[in-house]
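These notes are about the structure you will find just below.
What you see is a predicted model; the values in this text were computed from it and never measured.
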Amino acid sequence: MTEQSIPAGAQVLNGVAYMTDPKGALVPVSAIKAQDLLMDETVRKLIGDARFLADRLAAFKAECFSELRAFNDLLDQEYDAKRGGPKGNVTFTSFDGLLKVTVQVADNIVFGPELQVAKKIIDECLLEWSADGRDEIRAIVMRAFNVDREGQINRAEMFGLLRLEFSDERWKRAMQAIRDSMRVSGSKEYVRFHAKASPEAEWKPVSLDIAAL
């Protein structure tokens, strides 16, 4: 077998080319259907291209933050401000106002053991309150305390729960327990790009998400 005819994902043992199947078994290339070999070749090429683009995007992201921080450092010098610290939630615009780059910092919020205390108090309230509207409130509570696919509390629903106001002092204690349970475990910076064709036009995102293109 010539080197040119050996698939990219194959290995040669004693002059015979093999490919590994999903169970880890070695299958001779000669025994694999042509369409399966073509699909394997296509997938490997596309994954290679995707990894190249992912590396380029990672480098571009690092370049963005580097250049924006350098600009902020120049401003610090201009106004004799203390350097360093987070540089988030800032918008940079082109001179004509048609392009903008936005840096945002999002906190990663986790919930401590106080959350379980809040749940017990809320359940107590729902048990004793009248049936009118209780099912609707219970549905909101269930969504708030339901974990997502990553095993995390649904933060958006939890914040929605905090916006509900009831005169019952137990409910107020439960909401305070939820607030006390919230802790910032870290933060992440995001950079977003927008452009518009004219001053009157709406901003359009310059998407770097392949699914949005």
Side-chain angles (χ1 to χ4, degrees), residues 54-55 57-73 75-76 79 81-93 100-194 202-203 205-212:
D55 289 341
L57 281 175
F60 173 65
K61 179 181 178 180
E63 179 184 357
C64 286
F65 285 121
S66 177
E67 294 193 10
L68 294 175
R69 288 191 180 102
F71 177 75
N72 275 319
D73 286 343
L75 291 182
D76 288 343
Y79 295 100
K82 182 179 178 180
R83 296 189 186 184
K87 301 285 187 180
N89 302 320
V90 180
T91 298
F92 305 84
T93 58
K100 70 177 180 179
V101 177
T102 305
V103 176
Q104 296 175 311
V105 176
D107 290 333
N108 181 31
I109 298 176
V110 297
F111 295 90
E114 297 90 346
L115 192 65
Q116 296 306 315
V117 176
K119 181 63 164 57
K120 292 178 182 178
I121 299 174
I122 291 172
D123 287 343
E124 180 183 333
C125 291
L126 293 177
L127 185 63
E128 295 185 13
W129 288 352
S130 65
D132 296 338
R134 188 177 62 183
D135 289 342
E136 181 179 349
I137 300 172
R138 186 179 297 277
I140 297 173
V141 171
M142 291 296 293
R143 289 198 305 268
F145 283 89
N146 187 32
V147 297
D148 59 21
R149 294 179 181 178
E150 298 178 352
Q152 301 295 323
I153 291 293
N154 192 320
R155 292 182 296 174
E157 294 289 352
M158 188 64 66
F159 293 142
L161 185 64
L162 287 170
R163 288 193 289 269
L164 297 178
E165 294 185 7
F166 298 101
S167 59
D168 195 312
E169 288 299 321
R170 293 171 301 176
W171 180 268
K172 294 179 181 180
R173 293 202 314 272
M175 296 303 101
Q176 186 59 51
I178 292 176
R179 294 185 182 93
D180 291 343
S181 76
M182 297 167 61
R183 297 169 175 83
V184 177
S185 64
S187 61
K188 186 173 183 179
E189 285 184 309
Y190 297 88
V191 59
R192 293 181 171 85
F193 310 89
H194 292 81
E202 294 183 359
W203 288 107
V206 181
S207 179
L208 300 178
D209 179 3
I210 190 172

Report the residues that fulfil ring-ring contact (aromatic ring centres under 6.0 Å, His included) with F159, sequence neighbours left out, ordered by chain and then residue number.
none
Residue set satisfying side-chain contact (heavy atoms from CB on, under 4.5 Å) with L164, at least two apart, ordered chain then number -> I140, L161, F166, W171
Contacts of E169 that satisfy salt bridge (charged side-chain N to carboxylate O under 4.0 Å, His left out) - sequence neighbours left out:
K172
Side-chain contact, heavy-atom cut-off 4.5 Å: V141 with E157?
no
CD1 of I178 to CG of L162: how many Å apart, nearest 0.5 Å?
5.0 Å
Rounded distance (nearest 0.5 Å) linking atom NZ of K119 with atom CE of M142
6.5 Å
Looking at residues at least two apart in the chain, or sitting in another chain, which of them share a side-chain hydrogen bond (donor to acceptor under 3.5 Å, both in side chains) with R173?
none
Got a second to check how far N89's CG is from E189's CD, nearest 0.5 Å?
9.5 Å
Can you tell me how far OG of S207 sits from NE2 of H194, rounded to the nearest 0.5 angstrom?
9.5 Å
side-chain hydrogen bond (donor to acceptor under 3.5 Å, both in side chains) partners for S185, two or more places apart
N108
ring-ring contact (aromatic ring centres under 6.0 Å, His included) filter on F60, not counting sequence neighbours, yields F193
Quick one: CZ on R183 to CZ on F111, what's the gap to the nearest 0.5 Å?
10.5 Å
Apply the test salt bridge (Lys or Arg N to Asp or Glu O under 4.0 Å) to residues R69 and D73: give CA-CA distance (whole Å), side-chain angles for both, the deciding distance (0.1 Å), then the verdict.
CA-CA 6 Å; R69 288 191 180 102; D73 286 343; over 6 Å; no
Residues in salt bridge (charged side-chain N to carboxylate O under 4.0 Å, His left out) contact with D107, at least two apart in sequence or another chain:
none
Using side-chain hydrogen bond (donor to acceptor under 3.5 Å, both in side chains) as the criterion, list what pairs up with K61, not counting sequence neighbours.
none
Please give me the minimum heavy-atom distance between S181 and L115, naming the atom from each residue.
CB-N, 3.6 Å
Using the test salt bridge (charged side-chain N to carboxylate O under 4.0 Å, His left out), find all partners of D168 that sit at least two apart in sequence or belong to another chain.
R170
Could you pull out all residues at least two apart from Q176 that satisfy side-chain hydrogen bond (donor to acceptor under 3.5 Å, both in side chains)?
D180
Residues in salt bridge (charged side-chain N to carboxylate O under 4.0 Å, His left out) with K100, at least two apart?
none
Residues forming a ring-ring contact (aromatic ring centres under 6.0 Å, His included) with Y190, sequence neighbours excluded
none
Let me confirm one number: the CE-CD1 distance from M175 to I122, rounded to the nearest 0.5 Å.
3.5 Å
